[in-house]
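Everything numeric in this text was worked out from a predicted model, so none of it was measured.
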Amino acid sequence: MTNSADSQPTYQDELDTTGLYCPEPIMLMHNKVRDMSPGEILKVVATDPATTRDVPKFCSFLGHDLISQQESDGHYLYFIRLG
């Protein structure tokens, strides 16, 4: 799913994984979602192109909803509604 930057969802928490490479972004996401409640939205910022594969799999495996995935200037933005 892709949305424009103008229509970014409202989110409750943000995780910046800029400069980190697999598996660090996913490991940090695991830690962050533990501190959040179901239904909350997490914004993840990444620069690792592998996250385009890993984040959707993370969401699918753990029952979260990837509500937006965006790419701009080498940065990847993900908005995830926790299941």
Does any part of the side chain of [Y], heavy atoms only, come nearer than 4.5 Å to the side chain of [X], both counted from C-beta?
X     : Y     : result
Cys59 : Asp65 : no
Val55 : Met29 : yes
Thr17 : Glu24 : no
Thr10 : Ile41 : no

Partner set under side chain to side chain contact (heavy atoms under 4.5 Å, CB included) for Thr52, not counting sequence neighbours: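 Testing Thr52 for side chain to side chain contact (heavy atoms under 4.5 Å, CB included), a comparison that skips the adjacent residues, returns Gln69, Tyr76, Tyr78.
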For Tyr21, side chain to side chain contact (heavy atoms under 4.5 Å, CB included) partners two or more places apart: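 Here the qualifying residues are Asp48.
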Apply side-chain contact (heavy atoms from CB on, under 4.5 Å) to Lys32 and Leu42, showing your working. CA-CA 9 Å; Lys32 179 62 80 173; Leu42 172 64; 3.7 Å; yes
How are the rings of His30 and Phe58 set to each other: parallel, tilted or perpendicular (split at 30° and 60°)?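 The arrangement is perpendicular - the two ring planes meet at more than 60°.
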Give a yes or no on whether Met27 and Val33 share a hydrophobic cluster (residues Ile, Leu, Val, Met, Phe, Trp, Tyr; joining criterion: side-chain heavy atoms under 4.5 Å apart).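 Each belongs to a different hydrophobic cluster.
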Check the hydrophobic clustering (I, L, V, M, F, W, Y; side-chain heavy atoms under 4.5 Å; chains of links allowed) and say if Val44 and Met36 are grouped together.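 The answer is yes; both residues are in one hydrophobic cluster.
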Let me know which of Leu15, Asp13, Leu77 forms a side-chain contact (heavy atoms from CB on, under 4.5 Å) with Lys43.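 Filter result, single survivor: Leu77.
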Does any N or O in the side chain of Thr47 come within less than 3.5 Å of the main-chain N or O of Thr18, such that one atom is a donor and the other an acceptor?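 Side chain of Thr47 to backbone of Thr18, a donor-acceptor pair under 3.5 Å: no, none is there.
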Roughly how far apart are Leu62 CG and Ile26 CD1, rounded to 0.5 Å?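 These two atoms lie 9.5 Å from each other.
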Would you kindly say whether Ser68 and Gln70 are connected by a side-chain donor-acceptor distance under 3.5 Å?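 Checked: Ser68/Gln70 side chains pair up, N/O donor to acceptor below 3.5 Å.
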Can you give me the closest heavy-atom contact between Pro38 and Gly83, atom names plus distance?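 Pro38 and Gly83 have their closest heavy atoms at CB-O, 3.5 Å.
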So which atom in His64 and which in Ile80 form the shortest heavy-atom distance, rounded to 0.1 Å?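 Looking at all heavy atoms of both residues, the shortest contact is CB-CG2, 3.6 Å.
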